[in-house]
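Notes to accompany the following structure.
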Amino acid sequence: MKRFSFSQFIFNQKKKKTDEKKLVVPSDLSASIAAAKAAVSAPPVYLKISFATDRGNIRETNEDNFYIDGKYRHKFKKSESDCYIELTETPHLFGLFDGMGGEAFGETASALSALELDKHSDDIKNANISDLPFEMNRFVRGANAAICDMIADRESLRGGSTFTALCVKNLVAYPFYLGDSRIYLLDENGFFQITEDQTFAVRNIKAGVYTKEEAEDSPDNHMLTAYLGMDTADLGLDAQPCMPIPLKEGTKLMMCSDGLSDMCKKEELEKIISRSCENPAQELLNAALSNGGVDNITCIVVEAVNLI
């Protein structure tokens, strides 16, 4: 904490009271004092992290995976959930992965992606802001290569993983993604999806082939145009960045696989995440299960809170 010292005081002597002195503080110094008091009195902001994953009501196994700042690791075939408070003085990194290619390949692809993010976590968290996309792309290309090698070793023609990631530095969140796993933002302006699904359906909406409603029911809705493992020729695969998000008290960011977003409409997601509850990720997962739970479901919620 900075200590403010004053090297000079201006004293005016009143007429007839030579022993009384009045302190006059320059206006710019007054502003500095006010800012210092505000900084000292402002309550600290923490991160509340909640996460939950489940295989759903129909799938036999869970092909999703996650990376929770190196503190939690997903166990195959397990349903997991937790919530904790994190300090904000140091950078943090969160990742979510939805595997594709069937039980044997999907869960391996997502696990390889989570492992690769762990390998790159220090470089990503310690990078200058201008270098952050470069470091994230190094992770993407490493994960892509690991998945491609796995697919080749198993003599398969399919396999891959979507991903979303949040790097939090100095109370600003930097989101990245590939595929159709999503990141939503809740702040004073409302509830928004800040990622754009990288699917043929979205591409056809932009081309005027589908309306948004038609795209939801089309076979192209889950045909991905980008994912980890697609770059078999090693041409260079880059993460898709979103605009940085300043984290103020009450700001919430939700990362999820399509097992959640397919089961719950945006209005229901907003209603749940707007509530105050102990583990919002678990509440969101419960809603997806109640609505059918036809796919694996994974959710991570990062919320800026103060505890005073």
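Just the heavy atoms: all of them, side chains too, but no hydrogens, waters or symmetry mates, feed the values below. Given the structure is predicted, the values throughout are model-derived calculations rather than measurements.
- Formation of a donor-acceptor pair under 3.5 Å by the D131 side chain with backbone atoms of A127 is not found in this model.
- The environment of N170 atom CG is sparse: at most 12 non-hydrogen atoms of other residues, nucleotides or ligands sit within 6.0 angstrom.
- A 4.5 Å side-chain heavy-atom check between V168 and T88 finds every atom pair outside the cut-off.
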Worked verdict on Y46 versus N306 for side-chain hydrogen bond (donor to acceptor under 3.5 Å, both in side chains): CA-CA 6 Å; Y46 297 86; N306 74 63; over 6 Å; no
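- When ring centroids are compared, F66 and Y72 stay outside the 6.0 Å threshold.
- Across I183 and A165, no two heavy atoms sit closer than the pair CD1-O, 4.0 Å.
- Between the side chain of H120 and the backbone N or O of D118, no donor-acceptor pair lies under 3.5 Å.
- For the pair R203 and D220, the minimum side-chain heavy-atom distance is 4.5 Å or more.
- With a 4.5 Å cut-off on side-chain heavy atoms, C299 and L260 count as touching.
- Counting heavy-atom neighbours within 6.0 Å of E188 CD, excluding the residue itself, gives a total above 12.
- We find the CG-CG distance between D262 and N221 to be 7.0 Å, quoted to the nearest 0.5 Å.
- With contacts defined as side-chain heavy-atom distances shorter than 4.5 Å, the pair T199/H222 does not qualify.
- Atom CE of M230 sits about 13.5 Å away from atom OG of S161, to the nearest 0.5 Å.
- Side-chain contact between L178 and Q198 is present, with heavy atoms from C-beta onward closer than 4.5 Å.
- Across every non-hydrogen atom of G95 and L117, the tightest pair is CA-CD2, 3.9 Å.
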side-chain hydrogen bond (donor to acceptor under 3.5 Å, both in side chains) for Q282 and N286? Distances and angles first, verdict last. CA-CA 6 Å; Q282 184 63 55; N286 291 343; 2.8 Å; yes
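- Between the CD atom of E283 and the CD1 atom of I273 there is a distance of 11.5 Å, given to the nearest 0.5 Å.
- In the hydrophobic clustering of this structure, V45 does not group with V301; members are Ile, Leu, Val, Met, Phe, Trp, Tyr whose side-chain heavy atoms approach within less than 4.5 Å, directly or through other members.
- Looking at K125 and E135, no side-chain N of the basic residue comes within less than 4.0 Å of a carboxylate O on the acidic one, giving no salt bridge.
- Taken to the nearest 0.5 Å, the OG1 atom of T108 stands 4.0 Å off from the CZ atom of R154.
- Put simply, L228 and M136 are part of the same group of oily side chains (I, L, V, M, F, W, Y) that touch within less than 4.5 Å, one to the next.
- In the hydrophobic clustering of ILVMFWY residues, with side-chain heavy atoms under 4.5 Å counting as a link, I300 and I272 come out apart.
- Judged as a ring pair (Phe, Tyr, Trp, His ring centres under 6.0 Å), the pairs with a partner in residues 140-185 (not counting sequence neighbours) are, in order, F139-F163, Y184-F191.
- Considering only heavy atoms from C-beta on, I85 stays 4.5 Å or farther from L47 through its side chain.
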For side chain to side chain contact (heavy atoms under 4.5 Å, CB included), just list the numbers for D54 and L289, CA-CA rounded to whole Å, side-chain angles, deciding distance to a tenth of an Å, and then say yes or no. CA-CA 9 Å; D54 192 273; L289 291 173; 3.8 Å; yes
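- Using a 4.5 Å cut-off on side-chain heavy atoms (C-beta onward), D69 and E86 make contact.
- Looking only at distances, no side-chain donor or acceptor of N65 sits under 3.5 Å from a matching main-chain atom of A114.
- Across every non-hydrogen atom of F97 and S113, the tightest pair is CD2-CB, 3.5 Å.
- Residue A109 comes nearest to M150 through the heavy atom pair N-CE, 4.0 Å, listed as atom of the first residue, atom of the second, then distance.
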Please test R138 against D123 for side chain to side chain contact (heavy atoms under 4.5 Å, CB included), starting from the C-alpha separation and ending with a verdict. CA-CA 10 Å; R138 287 184 63 218; D123 290 337; 3.5 Å; yes
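- Remark: C256 SG to R182 CZ distance equals 7.0 Å, nearest 0.5 Å.
- Counting heavy-atom neighbours within 6.0 Å of K271 NZ, excluding the residue itself, gives a total of 12 or less.
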Residue pair K248, D187: steps toward the salt bridge (Lys or Arg N to Asp or Glu O under 4.0 Å) verdict: CA-CA 8 Å; K248 298 175 288 185; D187 63 9; over 6 Å; no
E249 vs V305, side chain to side chain contact (heavy atoms under 4.5 Å, CB included): CA-CA, chis, key distance, verdict: CA-CA 5 Å; E249 182 188 1; V305 298; 5.6 Å; no
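- Across every non-hydrogen atom of T195 and S181, the tightest pair is OG1-O, 4.1 Å.
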Could you walk me through whether N62 and T53 pass side-chain hydrogen bond (donor to acceptor under 3.5 Å, both in side chains), step by step? CA-CA 8 Å; N62 190 351; T53 188; 2.9 Å; yes
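- Annotation for I205: hydrophobic cluster partners, listed by chain and number, are V209, Y210 (ILVMFWY side-chain heavy atoms under 4.5 Å, direct or chained).
- Hydrophobic clustering (side-chain heavy atoms under 4.5 Å, transitive across Ile, Leu, Val, Met, Phe, Trp, Tyr) groups F51 together with M255.
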Take L284 and L269, measure what side chain to side chain contact (heavy atoms under 4.5 Å, CB included) needs, and give me the verdict at the end. CA-CA 7 Å; L284 290 159; L269 295 175; 3.8 Å; yes
Start with the C-alpha gap between N279 and S81, add the side-chain angles, then the distance that decides, and say whether side-chain hydrogen bond (donor to acceptor under 3.5 Å, both in side chains) holds. CA-CA 8 Å; N279 189 331; S81 180; 2.9 Å; yes
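- Heavy-atom minimum distance, P175 versus I194: CG-CD1, 3.9 Å.
- Of the possible polar contacts, none joining the R55 side chain to the N296 backbone as a donor-acceptor pair under 3.5 Å is found.
- When each of T164, D64, D98 is paired with S257, the side-chain hydrogen bond (donor to acceptor under 3.5 Å, both in side chains) condition holds for D64 and for no other.
- Hydrophobic clustering of Ile, Leu, Val, Met, Phe, Trp and Tyr side chains at less than 4.5 Å, counting indirect connections, keeps L96 apart from L186.
- Heavy-atom contacts from other residues, nucleotides or ligands closer than 6.0 Å to NZ of K265 number 12 or fewer.
- Between E196 and K206 there is a salt bridge, since a side-chain N of the basic residue sits under 4.0 Å from a carboxylate O of the acidic one.
- Defined by atom type and a distance below 3.5 Å, a donor-acceptor pair is missing between the side-chain atoms of E116 and N144.
- In terms of modelled atom types and a separation under 3.5 Å, the side chain of N137 and the main chain of A239 share a donor-acceptor contact.
- Rounded to the nearest 0.5 Å, atoms CG (D238) and CG (D231) are 9.5 Å apart.
- Contact of the M100 side chain with the S110 side chain is not registered, since no non-hydrogen atoms from C-beta on lie closer than 4.5 Å.
- K169 contributes no side-chain N or O that, together with a main-chain N or O of N128, makes up a donor-acceptor pair within less than 3.5 Å.
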